[in-house]
Amino acid sequence: MFEKIAKYLADQLDIAVEDIKPETTFESLGIDSLDTVEMVMDLEEELGVELELEEKVSTVGELVDFVESKVE
């Protein structure tokens with residue numbers, strides 16, 4: 001899941017996928033809360049699951065953990 005989310009972010013932000021680590025914060029990538037909501041909606045569509053963000057996620061790793069908890 002991390003690889004899929006990292007590739008999505010790299011494609012969206014036009015950066016190298018290698019620059020994205022689990023501890024990378026969305027703030028450091030220039031992603032605000034609106035961008036995060038749009039990203040979650042894109043992931044819902046791609047993965048075919050409903051993701052309701054109950055809490056704020058601030059790192060790529062936190063988002064991966066959240067998505068994996070909903071997919072399983």
Hey, could you give me each pair passing salt bridge (charged side-chain N to carboxylate O under 4.0 Å, His left out) that has a residue in residues 31-44? Not counting sequence neighbours. none

Measuring only between side-chain heavy atoms, which start at C-beta, is Leu63 closer than 4.5 Å to Val40? yes

Set of side chain to side chain donor-acceptor pair (under 3.5 Å) partners for Ser28, sequence neighbours left out: Thr25

Got a sec, which hydrophobics cluster with Leu34, joining ILVMFWY side chains under 4.5 Å apart, including via others? none

Taking all non-hydrogen atoms of both residues, which atom of Val60 and which atom of Phe2 are closest, and how far apart? CG1-CE1, 3.6 Å

For Ala10 against Ala16, the heavy-atom pair lying closest together: CB-C, 4.2 Å

Any heavy-atom pair between the side chains of Met39 and Leu9 that's under 4.5 Å? yes

One should read off an interatomic distance between Glu52 CD and Phe66 CZ, to the nearest 0.5 angstrom, of 7.5 Å

In chain order, what residues pass the side chain to side chain contact (heavy atoms under 4.5 Å, CB included) check against Val37, with sequence neighbours excluded? Met41

I'd like to check Leu47 versus Lys4 (side-chain heavy atoms, cut-off strictly below 4.5 Å). Are they in contact? yes

Show me the pairs that pass salt bridge (charged side-chain N to carboxylate O under 4.0 Å, His left out) and involve residues 11-27, at least two apart or across chains. Lys7-Asp11

As an exercise, state the distance from CG of Leu29 to CD1 of Ile15, rounded to the nearest 0.5 Å. 5.0 Å

Test side chain to side chain contact (heavy atoms under 4.5 Å, CB included) applied to Glu68 - qualifying residues, sequence neighbours left out: Met1, Val64, Asp65, Glu72

How far does CG of Leu13 sit from OH of Tyr8, to the nearest 0.5 angstrom? 8.5 Å

Test side-chain contact (heavy atoms from CB on, under 4.5 Å) on Lys70 and Glu50; report intermediate values, then the result. CA-CA 8 Å; Lys70 298 296 183 180; Glu50 191 167 315; over 6 Å; no

Quick check on the hydrophobic clustering: are Val71 and Val57 connected, directly or via other members, by side-chain heavy-atom contacts under 4.5 Å? yes

